[in-house]
Amino acid sequence: MVHLLERGPLADESLRPIMEGGLLLQGELLYRIGEYSDLWQEAETLQATIIELTSDFVALPGFIDVHTHICFAGSRAPDYALRNAGKTYLEIAEAGGGIWDSVQQTRRASPDELTRLTVQRANRHLQNGVTTIEVKSGYGLSVAEELKQLRAIKTADGQTAADLIGTCLAAHTLPHDYDGSPEAYLAEMAQQLLPLLKQENLTNRVDAFIEQGAFSAEQIAPYFAEAQQLGFQLTVHADQFHAFGSRVAVAVGAASADHLEASGEAEIQLLAQSQVVPVALPGASLGLGCAFTPARRLLDAGASLAIASDWNPGSAPMGDLLAQAAILGTFEKLTTAEVLAGLTHRAALALRLTDRGQLAAGLLADFLLFPVADYREILYQQGQLKPAQVWKRGHCVYPSAQKI
Ligand code: NIG
Ligand code: FE
């Protein structure tokens, strides 16, 4: 496939698949991509191992999930049932369920247990083609417990072939056991937690949930200012139920603004005129039974668009990124190119990663082989078509014993 634009609408004609193609790898990188007939001689000169595929496959870059909360313990099945019985997400949270429930269950888990659960979910994602996974904390909500989560994410990164990218979400909600104001809590996190994250090299990203029942734009401002001073990249849970957060994301120059289900025309225009990457989270819309992110309007306004799973125990328990992206495409009328770019090239942009997201020489050899001849089959099968092979950093990681 050719280089895709970073923002705005993408027609499927902009995808020009290489027929009879090949990939030449060197170590963990892609060395050359082209027609097989052009590549094989070079491969022989380099004495490369040649793997010839005798049936039809479509190769895509490994998917990048830019927004997950997979470092959690326990279940929120009762919340899900309550929502379906008519209670809202915010009502459940106010009654002590919601995020606070997961915080308590996650605090009870040992670091080893939390690591094990994170690796297990990351490996399920990897098998489905997700080779890079952002993972947020935010179920600790104290200095010690946030550290426990972010350390577990780092340890888990060493135990799965997927790349895990940690993000500090200490600003998820005010913990019920905190004896003080939201401002005091955020000041404590900024002063005590953020410098430790730098010291231990646990993450360079900071996220905040700007919403009724979480934090206001005014409360977040000094916290974000401190985080930026320390060199953290920012991202925002924005406009999920009320259009509060995207304005903050644009004002602070965040890498991405995620959710946006409640964004209106003003927010769409603001985002489209900024460098902030909007991130649609169809899994949260499906989990909560609410509107999808206005993805079509964002693209038409000239914005970029990444698509992520938001995999979490509350609003998005499904965790199937490809199925969710396919469904978003159907409801929002996104082209195949726009959906695939949202999972790869434009997702890399949302994390400001320049070493992945495309099949291009010099980038990481993270790619998927789907067992079909026509790339349109992939979204058509709405997540049921799984990759036959997943390659991560130059290694076939699924199936681990390579069979073709
Ligand atoms: O992205 N909106 C806030 N945070 C998560 C949900 C977390 C939870 O419910 O546990 C989200 O939807
Ligand atoms: Fe989220």
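Every number for a ligand or one of its atoms is a count from 1 in the order of the listing.
- Two residues are said to be in side-chain contact when any heavy atoms from C-beta on lie closer than 4.5 Å; F224 and L186 fail this criterion.
- At a heavy-atom cutoff of 4.0 Å, ligand 1 is surrounded by H67, H69, R76, Y89, I99, Y139, H172, F209, H237, Q240, H259, D310, N312, G314, S315.
- Of all heavy-atom pairs between G140 and E146, the closest is N-OE2, 3.1 Å.
- For the pair L364/R393, a side-chain contact is recorded, criterion being any heavy-atom separation below 4.5 Å from C-beta on.
- In this structure, the separation between NE2 on H242 and CD on Q212 is 4.0 Å, given to the nearest 0.5 Å.
- A salt bridge is defined here as a Lys NZ or Arg NE, NH1 or NH2 lying under 4.0 Å from an Asp or Glu carboxylate O, and R205 with E134 meets this definition.
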Yes or no on side chain to side chain contact (heavy atoms under 4.5 Å, CB included) for L169 and H69, after CA distance, side-chain angles and deciding distance? CA-CA 9 Å; L169 182 54; H69 307 248; 3.5 Å; yes
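- Side-chain contact between Y398 and P387 is absent, with no heavy atoms from C-beta onward closer than 4.5 Å.
- F72 does not carry K136 over the face of its six-membered ring by the limits of under 6.0 Å from the centre and within 45° of the normal.
- At a cut-off of 3.5 Å, with distance as the only test, a side-chain donor of H237 or H67 sits close to an acceptor on the other residue.
- Take a cut-off of 2.8 Å around the Fe ion (ligand 2): the protein N, O or S atoms inside it are H67 NE2, H69 NE2, H237 NE2, D310 OD1.
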